[in-house]
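Along the sequence shown, the residues carry numbers beginning at 1. Note that ligands are numbered from 1 as they come in the structure, with each ligand's atoms numbered from 1 the same way.
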Amino acid sequence: MKAKFCVKCGTEENLINEFCRGCFSCENTLLKHFKDLKIVICHNCKNYLYRNSWQEKLSDDLTTCIKEVTKELFSKKIVINSDVDLNNLEIEVEVPKKLKVSRGNFVNLNLGVDVAGEIEKVKMEEHYEVPLKIQFSMCNNCKRSGGKYFEAKLQIRPKDEKILEYVKEYCDGRKNLFISKIEEIKQGYDLYMNSQKETRSLGNLLRKRFNGEVKESKKLFGRKDGRDVYRATVLFRLEE
Ligand SMILES: [Zn+2]
Ligand SMILES: [Zn+2]
C-alpha cells in the first residue's frame, strides 16, 4: 500500500516511498561515508604515497600535483550508497600561492566536494567540506640517493657568498625549485636543483642582477619511459 503521509513530518504532498521530498533527502544521502584525506608528497621530486608505495608524480608543477593527487586519492576513498546513481563528482582544492615546502612540513587545506546523483529517480545534489592534510616527506628514491636527486646543476663561479645567499632565498620563495645539495669546491659552488626549467630562469635572473654570463650544457643521463633524460648544467660566471 502506498503511504498517504510522510512518516517523519506528516506532510501529505510530494511523497517518495514513506517520506516527503524534504525528509527523503535528509534520510538518504548520496555518499555513505568518507574519511579526512591525508596525502604525502615528496618535496624533492613530487612523487606521492599511495598505500605505502611511492607513485610517479602527476605533474611537474606542485600546485597541479596537489590537485591531481587529491582528486585521485579522494575518489578512491568515498563510498557511495548502494541505491545511488552518481552523475557527477567534482573535487575542488584551493592551493595557496605560498606554501612552505620542506621535509616533514604539514599543510592543512580544505577540500570542496560537489556530488550530484539520483536515488529512486529523485535528483539530489550535495556539498561536503573535507579537511585535507598534506605532508611533505622524502620518497625512497630520494632518500636512497641521499637527497641527491637532481635535474640540473647550478654552478656559481667564482665563490661568492652574496650570490649563494640570494639563490637560497630565491628558492625559499619558489614552490617548484628546491636545492637538494650544495657542494663547495675551490672554483665556486655547485648546487643540485630539482627543476631544469626553474634553474634556467634563475640563471637568467642572476645574469641580470649580478652582471655576469650564463652558459648551459646538457648531458644524457639515461632513459625513462622510452625517452632520453638529460641533466642540465647552468653555469653562472660573475664578471671580474
Ligand atoms: Zn516529511
Ligand atoms: Zn622523491
Open item on the list: Could you check whether Lys219 makes a cation-pi contact with Tyr230, meaning its NZ or CZ is under 6.0 Å from the centre of the six-membered ring and within 45° of the ring axis?
Closed with: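 No, Lys219 does not lie over the aromatic ring of Tyr230.
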Task: Lys NZ or Arg CZ of Lys162 over Phe210 ring: under 6.0 Å, within 45° - done: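 No.
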Task: SG (Cys45) to the Zn ion (ligand 2) to SG (Cys42) angle, given to the nearest 10 degrees - done: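 Computed angle, vertex at the Zn ion (ligand 2), rounded to 10 degrees: 110°.
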Open item on the list: Using the Zn ion (ligand 1) as the vertex, how large is the angle between SG of Cys20 and SG of Cys9, rounded to 10 degrees?
Closed with: 110°
- [ ] State whether a side-chain donor-acceptor pair under 3.5 Å links Ser53 with Gln55.
- [x] yes
Task: Donor + acceptor pair across side chains of Ser180, Asn44 (<3.5 Å) - done: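 Judged by distance alone, the side chains do pair up.
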Task: Heteroatom N/O/S of His43 within less than 2.8 Å of the Zn ion (ligand 2) - done: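 For His43, the answer is no, given that no N, O or S atom comes within less than 2.8 Å of the Zn ion (ligand 2).
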